[in-house]
Novice: 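Take a look at the following structure, please.
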Amino acid sequence: MKKIIIAVVVTVLLMLPANVLAEPTTSKGSTLSFDNLEELISEYNPAVKISDRLLEILDQQYDLAEDLIDDQISAAQTALTAQIAQYDSQIASYTSLIDYYTNINPDPVKVDTYTTAKNNLEAVKTLLQAQLNNVDDSEDDSEEELEEDFDLDKRQTRCQITLSRDTQVYLAQKSYLGYLTLSSKLQEAKDQLDLLNKNQEIMKLKVSLGMATQADLENFQVSLESAKLAVDGLEREISNAEGTLNLALGHDFNKQLTIEPLPALDWEKIHNIDYEKDLESALAANYKLELLNVNSLKKGNEAERADEDSGEEKIAEIARENLEIQIEDMKRKIESAFDQAHKNLLAKEDAYEVASSNYQLSTTNWNFTKLKYDLGIISSLDYSDAQNKYEVVQHQYQNAQQAVLEAYTDYQWAVAGLIPSLNS
């Protein structure tokens with residue numbers, strides 16, 4: 001009897017729209033910090049909620065598959081047992097006829113005829129009995145195969161669940177950092193707009209005194225309008241970024257959020273990175289590599305279960321060998337992506353050092369400028385211009401800090417097994 005092979009397939013959607021099964025507004029989600037983002041996404045993100053139930057679904061599928069095996073085996077046993085009973089009845093009838101034509105009413109011809117028929121029935125019965133024994137063995141084999149498949153499916157599903165969760169956290173972190181970047185740009189744009197507004201009356205005065213032309217004033221007003229449009233555009237982008245975070249948390253798109261500043265950089269951890277140890281961890285934990293390994297084991301099982309030298313066996317074996325090639329290729333890609341993440345972190349550290357030096361120098365100059373203004377040496381316009389330039393450097397310094405945190409976060413995710421560029 002052909003073995004019963006049950007394949008349980010579970011699929012997770014990593015990029016489910018964040019507004020599916022939106023979580024009702026919660027006070028817990030109204031204030032966000034970079035450090036509590038992972039906890040909130042794990043608890044409230046709709047895609048994570050859905051993927052968290054995949055193991056429960058898999059357990060139910062396994063129970064159904066197990067029941068199906070039992071039902072199929074039971075049906076086969078019942079049918080074969082009934083057929084064997086019918087043959088036993090017919091064999092008993094032929095045995096009686098043979099006895100009758102041998103001892104009571106001798107007829108050698110009929111004895112031979114009924115003996116031949118009886119032997120044929122017994123031969124068929126032997127085959128049916130062998131099939132019944134095979135069904136019993138098939139039940140054990142099918143249950144063992146189902147258990148093997150279930151173990152691999154659980155391993156695959158756990159990987160997919162964690163991948164879904166970590167991907168959603170990663171995307172939320174990117175949105176969080178993007179929000180802060182936009183906020184910094186908005187502040188710079190507002191500072192520039194304020195400075196232009198202060199210069200507007202001076203420009204009009206210059207025109208009236210013949211120190212500037214009407215064309216100069218018109219060009220200035222164009223710059224002023226452009227600055228206003230830049231502020232408006234950035235405010236819309238910030239609103240969209242805030243909405244994206246809301247959806248990731250299962251909130252309504254327009255729920256008001258309080259986005260806290262980034263945590264201080266842990267320079268001790270950053271400077272004490274062990275590249276080789278982290279690379280080893282990245283290879284061991286990588287989700288894409290784990291899924292390829294599971295698929296390779298599944299194809300190996302398919303090849304073992306197929307009839308020897310059959311086309312199915314060859315197809316499964318070729319598929320397994322192709323997966324082994326993909327596994328080795330993925331290892332190389334992981335090593336390359338990990339190296340790039342590390343180099344990017346080092347580059348951001350270097351850029352931060354430059355920005356830090358510029359910020360320190362600019363702070364010294366700014367303090368000197370404030371002193372000159374207090375002494376009446378420079379005008380309020382010169383003071384505002386210097387303040388604007390200092391704030392630009394200050395923003396650059398803050399952005400450099402954020403860039404280091406972002407690069408370090410990407411590096412940590414790579415160590416933990418998540419390299420988004422390889423998960424497509």
Novice: Please give me the minimum heavy-atom distance between Glu43 and Lys49, naming the atom from each residue.
Specialist: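 Heavy-atom minimum between the residues: O-CE, 3.5 Å.
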
Novice: Among residues at least two apart in sequence or on other chains, which ones pass side chain to side chain contact (heavy atoms under 4.5 Å, CB included) with Asn254?
Specialist: Asp252

Novice: Could you go through Tyr62 and Asp149, starting from their C-alpha distance and side-chain angles, then the distance that decides it, and tell me whether this counts as side-chain hydrogen bond (donor to acceptor under 3.5 Å, both in side chains)?
Specialist: CA-CA 9 Å; Tyr62 175 74; Asp149 291 341; over 6 Å; no

Novice: What's the shortest heavy-atom distance between Ala386 and Thr369, and which atoms?
Specialist: CB-CG2, 3.6 Å

Novice: Which distance, rounded to the nearest 0.5 Å, do you find between the CD of Gln394 and the CG of Asn388?
Specialist: 11.5 Å

Novice: Inspect the contact between Glu302 and Lys299 and indicate whether a charged nitrogen and a carboxylate oxygen are less than 4.0 angstrom apart.
Specialist: yes

Novice: For Leu55, which residues count as a side chain to side chain contact (heavy atoms under 4.5 Å, CB included) partner, sequence neighbours excluded?
Specialist: Leu58, Lys154, Thr157, Arg158, Ile161

Novice: Under 4.0 Å between a Lys/Arg side-chain N and an Asp/Glu carboxylate O for Lys389 and Asp385?
Specialist: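 Between Asp385 and Lys389 there is a salt bridge, with a charged N closer than 4.0 Å to a carboxylate O.
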
Novice: Give the C-alpha distance, both sets of side-chain angles, the deciding distance and a yes or no for side-chain hydrogen bond (donor to acceptor under 3.5 Å, both in side chains) between Gln187 and Asp191.
Specialist: CA-CA 6 Å; Gln187 188 57 54; Asp191 291 342; 3.0 Å; yes

Novice: Ignoring hydrogens, what is the shortest heavy-atom contact between Ala351 and Ala400? Give both atom names and the distance.
Specialist: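 That would be O-CB, 4.5 Å.
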
Novice: Which pairs of donor and acceptor atoms, one on a side chain in residues 330-338, lie under 3.5 Å apart (sequence neighbours left out)?
Specialist:
unit_1	atom_1	unit_2	atom_2	d
Lys333	NZ	Asp329	OD2	3.2

Novice: I would like to know whether His251 and Leu257 meet side chain to side chain contact (heavy atoms under 4.5 Å, CB included); could you show each step before the answer?
Specialist: CA-CA 10 Å; His251 297 162; Leu257 289 176; 4.2 Å; yes

Novice: Between the side chains of Asp71 and Ser74, does any donor sit under 3.5 Å from an acceptor?
Specialist: no

Novice: Looking only at atom types and distance, does a side-chain atom of Ser89 sit under 3.5 Å from a main-chain N or O of Ala85, one as donor and one as acceptor?
Specialist: no

Novice: Would you say that more than 12 heavy atoms from the other residues, nucleotides or ligands in this model lie under 6.0 Å from the CD of Glu280, or not?
Specialist: no

Novice: Leu54 vs Ile57, test: side chain to side chain contact (heavy atoms under 4.5 Å, CB included). Steps then yes/no.
Specialist: CA-CA 5 Å; Leu54 287 177; Ile57 295 172; 4.2 Å; yes

Novice: Looking only at non-hydrogen atoms, find the nearest pair between Leu245 and Ser175 and report the distance.
Specialist: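 Closest pair (atom of Leu245, atom of Ser175, distance): CD2-CB, 3.8 Å.
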
Novice: So, are Glu317 and Arg320 salt-bridged, with charged N and O less than 4.0 Å apart?
Specialist: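 Counted as a salt bridge, because a side-chain N and a carboxylate O are separated by less than 4.0 Å.
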
Novice: Please examine the side chains of Ile327 and Ser296, heavy atoms only from C-beta on, and report whether any two atoms are closer than 4.5 Å.
Specialist: yes

Novice: Within a 6.0 Å radius of atom OH on Tyr87, are there more than 12 heavy atoms belonging to other residues, nucleotides or ligands?
Specialist: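 Count not over threshold, so no.
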
Novice: Within the side chain of Gln402, is there an N or O that forms a donor-acceptor pair under 3.5 Å with the backbone of Leu177?
Specialist: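 The answer is yes, because a donor-acceptor pair under 3.5 Å joins these two groups.
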
Novice: Where the side chain of Asn399 meets the backbone of His395, is there a donor-acceptor pair that is under 3.5 Å apart?
Specialist: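 Looks like yes, one N/O pair under 3.5 Å.
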
Novice: So how far is it from Gln77 CD to Ile84 CD1, rounded to the nearest 0.5 Å?
Specialist: 10.5 Å

Novice: In residues 194-204, what donor-acceptor pairs under 3.5 Å come from side-chain atoms, sequence neighbours left out?
Specialist:
unit_1	atom_1	unit_2	atom_2	d
Asn197	ND2	Leu193	O	3.3
Lys198	NZ	Ser384	OG	3.4
Asn199	ND2	Leu195	O	3.4

Novice: Looking only at heavy atoms, what is the nearest atom pair of Pro263 and Phe34, with distance?
Specialist: CD-CB, 3.7 Å

Novice: Give a yes or no answer on whether the side chain of Ser183 reaches the backbone of Tyr179 with a donor-acceptor pair at less than 3.5 Å.
Specialist: yes

Novice: Classify the ring geometry between Tyr390 and Tyr359 as parallel (under 30°), tilted (30 to 60°) or perpendicular (over 60°).
Specialist: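 Geometry flag for Tyr359 against Tyr390: parallel rings.
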
Novice: Donor-acceptor pairs under 3.5 angstrom involving side-chain atoms of residues 403-414: please list them, not counting sequence neighbours.
Specialist:
unit_1	atom_1	unit_2	atom_2	d
Glu406	OE2	Lys174	NZ	2.9
Tyr408	OH	Gln412	NE2	3.3
Thr409	OG1	Leu405	O	2.7
Asp410	OD1	Lys174	NZ	3.3
Asp410	OD2	Lys174	NZ	3.2
Tyr411	OH	Asp278	OD2	2.7
Trp413	NE1	Gln173	OE1	2.8

Novice: Check the surroundings of atom OH in Tyr275: do more than 12 heavy atoms from other residues, nucleotides or ligands lie under 6.0 Å from it?
Specialist: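 Count over threshold, so yes.
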
Novice: Show your working on side chain to side chain contact (heavy atoms under 4.5 Å, CB included) between Asp382 and Lys372 and close with a plain yes or no.
Specialist: CA-CA 10 Å; Asp382 289 335; Lys372 289 195 292 184; over 6 Å; no

Novice: Taking the side chain as every heavy atom from C-beta outward, state whether Thr167 and Leu418 have any atom pair closer than 4.5 Å.
Specialist: yes

Novice: Can you check side chain to side chain contact (heavy atoms under 4.5 Å, CB included) on Ser51 and Gln160, steps first, answer last?
Specialist: CA-CA 8 Å; Ser51 65; Gln160 290 172 323; over 6 Å; no

Novice: So, Asp216 side chain and Thr213 main chain: donor-acceptor pair closer than 3.5 Å or not?
Specialist: yes

Novice: Hey, is the main chain of Tyr352 close enough, under 3.5 Å, to the side chain of Ser356 for a donor-acceptor pair?
Specialist: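 Not a single qualifying donor-acceptor pair exists.
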
Novice: Where do Leu283 and Leu289 come nearest, in terms of heavy atoms and distance?
Specialist: O-CD2, 3.4 Å

Novice: How would you list, by chain and number, every residue that makes a salt bridge (Lys or Arg N to Asp or Glu O under 4.0 Å) with Glu148, sequence neighbours excluded?
Specialist: Arg305

Novice: Could you tell me the separation between the NZ atom of Lys118 and the OG atom of Ser93, rounded to the nearest 0.5 Å?
Specialist: 11.5 Å

Novice: Could you tell me whether Lys228 and Glu225 have a side-chain N and a carboxylate O separated by less than 4.0 Å?
Specialist: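 Glu225 and Lys228: salt-bridged.
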
